[in-house]
Amino acid sequence: MLAQLALENTTYRFDKPFTYSVPQALETAVRPGVRVTVPFGAGNRTRVAMVLSTSYESGAGQKLKAIASVLDKEPLLDDEMLALIPWMKSRCFCTLYDAVKVMIPAGIGYKLVNRYRMNAAFKNYDREAFTDTAWQIIVALTAAKNGLTGAELTERLGIEEKSSDLLSLLENGTVIRENAASRNAADATTRMVCAVPDFSGKLTPKQQSAFDTLCAIGTVTVRELSYYTGVSVGIIRTLADKGAAEIFEVERFRRPKQEMADIRLPQTLSAEQMNVAKDILRECDAAEPMVGLLYGVTGSGKTAVFLHVIRHVLTVGKGVIVTVPEISLTPQTLAVFTAAFGDTVAVFHSGLSVGERMDEWKRVRTGRAKIVVGTRSAVFAPVQNLGLIVMDEEQESTYKSESTPRYHARDIAKFRVNYNRAYCLLCSATPSVESYYMAQSGKYRYHALHHRYGDAVVPTVQLVDMNNEDLYRGKPMISMALARAVSENIRAGRQSILLLNRRGYHTYAVCKDCKTVAACPNCSISMTYHAANNRLMCHYCGHSEPAYVRCKACGGELTFSGGGTQKAEDQLREAFPEARILRVDTDTTANKYALEKKLNAFANGEYDIMIGTQMVAKGLDFENVTLVGVLSADQSLYSDDYRSNERTFDLLTQVVGRAGRGRYRGMALIQTHVPENPYLHLAAAQDYESFFETEIRFRRAMLYPPFADLLQIGFVGEKEDTVRAAAEHFSALLAETFRRDYPNLPLRLLRASAASVSRMGGKYRYKIIMKYKNSKAFRDAIASLLGVFSSDKRFLSVTAYADPNPDAIL
DNA sequence: AGCACGCCGACT
DNA sequence: GTCGGCGTGCTC
C-alpha cells in the first residue's frame, strides 16, 4: 500500500505530493485525511504530513520510505477538502500543507519537538574528555530519565539546540535525538493576547517566534501561547511591553445563548422580502449548483430574507455556512443566529481560545452543529451535507486573505457549492463590481430588495463643498453646515455618527481651479506624491514623473492633499466641547468585548456623537441616529487603487445608510473638496445601478476586473537594491518566458515598482502587477517561474510570492 | 528549509 | 596528507 502525502514545512519550490509506503501494521489506520509522521530528506528528520490519497500498487522499483506513525484516529478532512487542497495550491500559489492548515483548527495541530536523551551504551564518564558545556549537557540528561526537550535544555542550561557542543555530542552518538509529535494542549484562561501586526521593533529570537505564532493564530490566551511556543509567560509580557502584542482581560466568551433575551428577531417578512425569499428557495432546491446575488438597499432587511432561506435549507437536512466580515461579527450578530437556531449554531472567530475553536470545529465535523457563522476562514468549516453558503456584505475586502494562503472566501465558496451541488448566496447593498457584472450577464441569479423595511425612508444626502463653505470657527475640517446640523441634532436629543477617513499616508495632487486630480497617463489611477524625491508616482505601472505645480488640464495651481485625520478628531472635540463623544476604531478597541460595551453604551444614549473610521460605517443599527457626517470623502476617492471608486461608493452608501433606521428621517452630510466628482453624487443618491454603469465602463476601458484578472508578484527583503533588482529580473524573466513559450496567452505586464508603502518593518517591498486571463497554462507558467526565481542564488535574501487578485495594491 | 556531497585552502 | 570552508543540488 502506498500513500500520497502533503508534507508540512516544504517550501513552494519543492512542494508536491510525496509518495510513501505504508507498513502493513498501519494499513487500516492510514486513510485519506489523517495526519502521519514520516522521515524526510537526507537526514530523515521527522515531519508531519497529511494523507491525500492511498493506492494499492507495489512500490517496487521506486526507493520509497515508509510512514512512521499515524497521528489521527479519524480523518480530519473529507474528500471535498482533500480535493480542495491541490485546487488551492494551483490558484493561490501556496504549498499543499498551507491549504491543509487553513482547513483545520489551530488547536488540533501537533508540533514536533526534539527530545534529547543519553545513549544507553554511554559509559565514558570521563570529565576530561568533554568541554564544560558538553559536560553540563551530559549531567543534565543523565539525571532526566525521560530526556529533555530542546526548549527545556535552553531554559535550564541556556543551551541552544544549534550549539556546537550539543551537535558534536549527537554526532559521536553520546546523545540521541528523538523527534516526537506532541499535541497542543487547549486549556483556557481569561488572559488573552493578540499581536500588533505592524509592529516593527527589534525582538529576540524567542520573542520573535512567539510573535510569529501569535500573528498566525490571531488571539489566544496567554497560557496557550506560552505552551504553544514553549516560551515563558514572562516573555509574552515583554512582548506586550515592547508593543508587539496586547494582553487584555476577557470575560470568557459566552455562547450567545445567554444574550438571547434582548434580541428581537426580524418578525414577519414584507411582501417584497417574501417574494425574494421564495425565489431563492426555489433555486436552492434545484439540483444544480448556483450562485445568487441578493442586492438590497441598506435597511431593506436582507438578514430576514436569508434567515428564512437558512431555515428552509435546514429543514431539508442540509448544512449552512454564513460568513460575515470581521467588523460585523459582533456578539449581536451571533445572538441573532443563536436566537433563531439555538445549539445547532457553531461560531468560528478569532476571539475564541484554541480549545474552543477545536470544540466548535468538532461539533460541526460530527454533524451536531448544522450552521456555522464566522469570518473568512469559516468557508472551510467541515459542514456535513452542505446546502447553502451565505456571504453577507460580499464586497468586503476582509474576505480576501492577505497572507498565505491568499485565497478569496468567495472562490472557496464557489468551489464548495459546485462540489456539493449547493447554493451560494452573496448579499450586499453595494455588491462588488465583479459580482454585479456576473449577475447582469446571467452567470449569477439576481435578486433585489428595493425598499427599506417598515416605514423607514432613505436619508437625504447633501454634499458640502469645502472650497466655498464657511468653516466653523476657523476649524478647517468642519464646515458651518455640519457644525449646525450636529448641534441641532444634539439639541433634539438625537445621535450622530461621524466618519473619519484614516488613510492619511496617501497624498495626491489636485488642481485648485478645475479639481482635476493628477492621474497616471497609463492607468487612470491617481498618482501618489512622494515628498522624498518630489515626484508623482503610479503604484500600478511604476510610471513616475517630477511633481508639477500647474494643472495639466487648465494651468491652475496644484495643491497636495491627504492626511490630517488626527487633526480632524481634535477639531471635533474642540468644536463640540459640551457633547459626549465616543471614539470607536481599531486602535481604541483592541477586542470585541470592549467594542460591544461601547456600542451598547451608545445605543443606550450615553453619548451624543460617535466618531470613528470604517468601523462605524458598517452594519450598525441604532434607532436614534438621524445624522451622519463624513468629514472628507476625498482620501478614499483618490487612493491609488483601481477599486477606489468602488470603495468610496461602498463606504459612503453604507455610512449614509446608518441614518434614519428608526422612526425619524435621516440626514447625511458629506464634506468634499471635489463636489463635482460623479461618484460622490452617485453615492449621495444611493444609486447603485448608475454607479455600476459608470464603473463598469471604466473597468472595461482599462481592462480591470472583471474584464481581466490581476496577479501581483511581491518581493520582500532587507536590502532595497537587491529587492529592486529581483523585481526587475523577475519582470524580464516573465516577459521573455511569455514571449517565447506562451505567445498566445493574453498578458499585460506592468513594470516593476516600489510598493506604495515600500518600507514596512525594516523590509523593502517591490511588486509587479499583471493583467491576464486566468487559465491553467498561465498559472503553471507563473508557478514554474516562481520556482526558477527562488533557485536563483543572487536573490536568496529576497522572498517572492504571487497574490491573485490582491485586495489593495500595496 | 535542511542536509549531504564535493571540491579547494590551512593545519598536524 | 586531513579537517573543514560553503557552493550546488535533492528531498518520496
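Predicted model only: the values in this text are computed from it and were never measured. Per chain, numbering begins at 1; letters A, B, ... match sequence-line order.
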Original post:
Restricting to pairs with a member in residues 12-35 of chain A, which pass ring-ring contact (aromatic ring centres under 6.0 Å, His included), not counting sequence neighbours?
Top reply: A:Phe18-A:Phe40
**OP:** Would you check if the distance from the ring center of A:Phe778 to the ring center of A:Phe738 is below 6.0 Å?
**Re:** yes
**OP:** Give a yes-or-no answer on whether the side chains of A:Arg13 and A:Ser790 include a donor-acceptor pair shorter than 3.5 Å.
**Re:** yes
**OP:** Check each of A:Val70, A:Leu5, A:Val22, A:Asp72 against A:Val51 using the side chain to side chain contact (heavy atoms under 4.5 Å, CB included) test, and report the only one that passes.
**Re:** A:Leu5
List, one per line, each side-chain donor-acceptor pair under 3.5 Å for residues 23-32 of chain A, sequence neighbours excluded.
residue: A:Arg31; atom: NH2; partner: A:Lys73; partner atom: O; Å: 2.7

Original post:
Of all residues at least two apart in sequence or in a different chain, which pass the side chain to side chain contact (heavy atoms under 4.5 Å, CB included) check with A:Arg376?
Top reply: A:Ser401, A:Tyr407, A:Ala409
**OP:** Go through DNA chain C in 5' to 3' direction and return only the first and the last nucleotide with some atom under 4.0 Å of chain A's heavy atoms.
**Re:** C:dT8 to C:dC12
Original post:
Between which nucleotides of DNA chain B, read 5' to 3', does contact with chain A run, using atoms under 4.0 Å from its heavy atoms?
Top reply: B:dA1 to B:dA4
**OP:** For A:Ala140, enumerate each residue passing the side chain to side chain contact (heavy atoms under 4.5 Å, CB included) test, keeping only those at least two apart in sequence or located in another chain.
**Re:** A:Leu148, A:Leu157
Original post:
Can you tell if the side chain of A:Thr37 reaches within under 4.5 Å of the side chain of A:Leu71, non-hydrogen atoms only?
Top reply: yes
**OP:** Check side chain to side chain donor-acceptor pair (under 3.5 Å) between A:Lys400 and all other residues, then give those that pass, not counting sequence neighbours.
**Re:** A:Asp803
What pairs of donor and acceptor atoms, side-chain ones from residues 84-105 of chain A against any protein atom, are under 3.5 angstrom apart with sequence neighbours left out?
residue: A:Lys89; atom: NZ; partner: A:Asp15; partner atom: O; Å: 3.2
residue: A:Lys89; atom: NZ; partner: A:Asp15; partner atom: OD2; Å: 3.0
residue: A:Ser90; atom: OG; partner: A:Arg779; partner atom: NE; Å: 3.0
residue: A:Ser90; atom: OG; partner: A:Arg779; partner atom: NH2; Å: 3.4
residue: A:Thr95; atom: OG1; partner: A:Asp98; partner atom: N; Å: 3.1
residue: A:Thr95; atom: OG1; partner: A:Asp98; partner atom: OD2; Å: 3.1
residue: A:Asp98; atom: OD2; partner: A:Thr95; partner atom: N; Å: 3.1

Expected list for residues 723-733 of chain A: side-chain donor-acceptor pairs under 3.5 angstrom, two or more places apart:
residue: A:Arg724; atom: NE; partner: A:Tyr766; partner atom: OH; Å: 3.4
residue: A:His729; atom: NE2; partner: A:Arg794; partner atom: NH2; Å: 3.4

**OP:** Sequence neighbours left out, what passes side chain to side chain contact (heavy atoms under 4.5 Å, CB included) with A:Asp126? Give chain and number order.
**Re:** A:Asn124, A:Glu128, A:Ala129
Original post:
Which residues, if any, of residues 783-792 of chain A bring a heavy atom under 4.0 Å of DNA chain B?
Top reply: none
Original post:
Going by number, which of residues 10-26 of chain A have a non-hydrogen atom under 4.0 Å from DNA chain C?
Top reply: A:Phe14, A:Lys16, A:Phe18, A:Thr19, A:Tyr20
